[in-house]
Amino acid sequence: MWKAAVSRRFSDKADTYDRYALVQREMAAELAAALEAEMPPAESVRRVVEVGCGTGGLTSLLSGRCGSTEYLALDIAPGMLEAARRRLGPTGQTCRFVLADVEEWVWQQAEQWADLIVSSACFQWLRQPERTVEGLYRLLRPGGSLRFATFGPRTFWELHDSFAAAYRKLQREPQRHGLSFCTPDEWRAMLDRAGFAGVRVRTREVRLHYPDVRSFLHAVKGIGASTGPASDSAGLGQRRLLTEMMEAYRSRFGGAEGIPVTYELVYAAAERPEGR
């Protein structure tokens, strides 16, 4: 049921995603540049899988550089896949777009056939990240590579701090708003346990500014994400909580540039060892 809601939200926002996904675009560009610098010649990469292609930002950067490579772009949201097809235009003919939930799809495929698996701004949505990483290892041929970019736990820390202040003021039991993110060390450990070698994980932070908290929340909704609590409910209580949170955010963090929003970007790279 949760996955169906995620699929529906992202499909509904496919037309506005690129307008608001500023950090996601930067992540995809940085991941593509790192791949170009580190990966072997294109002729040795015959089959590429992209997990969570969205509107095709990373797809458009990579698919044209892969020559005759078989490029499979996967997403859970049909609206996103349609946007990716439109974005790539005639060059998209070299891509195969697949509507699927990677956490199920990965276990339905043959073993050891992919040369490269890539993903940008998707893995934070995995419900079973460790099991899915194991499944991706299973897909890779020996010597194949996994490269992904995702968000770390310092993402939106100002928002979470402000919600905590609002809950305290209203004397209510706090709830988590939005996703819970794996730490860089947790990703490194999952990759190690799955059998990957040469695991590299690095992070950096990006800070954007918005005129006010409402503009920030509008941008989050514009890409299909949510800052609602796990038990999202409407009504007077939630509106009061939101009002208190926005006031706490403004008073704690607001300044001449507006309100800051921090994103922690996590980049991971690993290989399936030869002979395994």
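Below, each value reflects all heavy atoms present in this structure, side chains not excepted, and no hydrogens, waters or symmetry copies. As the structure is a computational prediction, the values presented were derived from the model and not from experiment.
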### Task
Check the pair V48 / L72 against side chain to side chain contact (heavy atoms under 4.5 Å, CB included), numbers first and verdict last.
CA-CA 6 Å; V48 178; L72 189 153; over 6 Å; no
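- Annotation: side-chain hydrogen bond (donor to acceptor under 3.5 Å, both in side chains) contacts of R9 (sequence neighbours excluded): none.
- Here K3 pairs with D101, E103 under the salt bridge (Lys or Arg N to Asp or Glu O under 4.0 Å) rule; sequence neighbours left out.
- Taking the six-membered ring where the residue is Trp, the centroids of W125 and F10 are separated by under 6.0 Å.
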Counting only pairs under 3.5 Å, give me each side-chain donor-acceptor contact of residues 252-262, with atom names and distances, residues two or more places apart or in other chains.
residue: R252; atom: NH1; partner: D161; partner atom: OD1; Å: 2.8
residue: T262; atom: OG1; partner: W157; partner atom: NE1; Å: 3.3
residue: T262; atom: OG1; partner: E158; partner atom: OE2; Å: 2.5

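- In this structure R127 satisfies the side-chain hydrogen bond (donor to acceptor under 3.5 Å, both in side chains) test with no other residue, sequence neighbours excluded.
- Remark: the backbone N or O of C122 is paired with a side-chain donor or acceptor of Q124 at under 3.5 angstrom.
- In this structure, T203 has no side-chain hydrogen bond (donor to acceptor under 3.5 Å, both in side chains) partners at least two apart in sequence or on a different chain.
- Residues satisfying the ring-ring contact (aromatic ring centres under 6.0 Å, His included) criterion with H209, sequence neighbours excluded, are absent altogether.
- Residues meeting the side-chain hydrogen bond (donor to acceptor under 3.5 Å, both in side chains) test with R154, sequence neighbours left out: E205.
- Nearest heavy atom pair, residue L170 against residue L241, reads CD1-CA, 3.8 Å.
- In this view, F148 and F123, W187 satisfy the ring-ring contact (aromatic ring centres under 6.0 Å, His included) rule, not counting sequence neighbours.
- Residues satisfying the salt bridge (Lys or Arg N to Asp or Glu O under 4.0 Å) test with E104, not counting sequence neighbours, are none.
- With no hydrogens or angles considered, no side-chain donor-acceptor pair links Y210 and H218 at under 3.5 Å.
- For residues 139-150, the set of pairs meeting the salt bridge (Lys or Arg N to Asp or Glu O under 4.0 Å) definition, not counting sequence neighbours, comprises E38-R147, D115-R141, R147-E271.
- Relative ring orientation between F151 and Y263 is described as tilted, the plane-to-plane angle lying within the 30° to 60° band.
- Residues satisfying the salt bridge (Lys or Arg N to Asp or Glu O under 4.0 Å) criterion with R168, sequence neighbours excluded, are absent altogether.
- Using modelled atom types and a 3.5 Å distance limit, the side chains of E264 and T155 yield no donor-acceptor pair.
- Salt-bridge formation is not detected for the pair E134/R131: no Lys NZ or Arg NE/NH1/NH2 atom is positioned less than 4.0 Å from an Asp or Glu carboxylate oxygen.
- Only one option out of V49, I117, I76, L74 pairs with V102 in a side-chain contact (heavy atoms from CB on, under 4.5 Å); it is L74.
- With rounding to the nearest 0.5 angstrom, the CG atom of L99 is 6.5 Å from the OG atom of S7.
- A salt bridge (Lys or Arg N to Asp or Glu O under 4.0 Å) check over residues 16-30, counting only residues at least two apart or in different chains, returns the pairs D18-R87, E26-R204, E30-R202, E30-R204.
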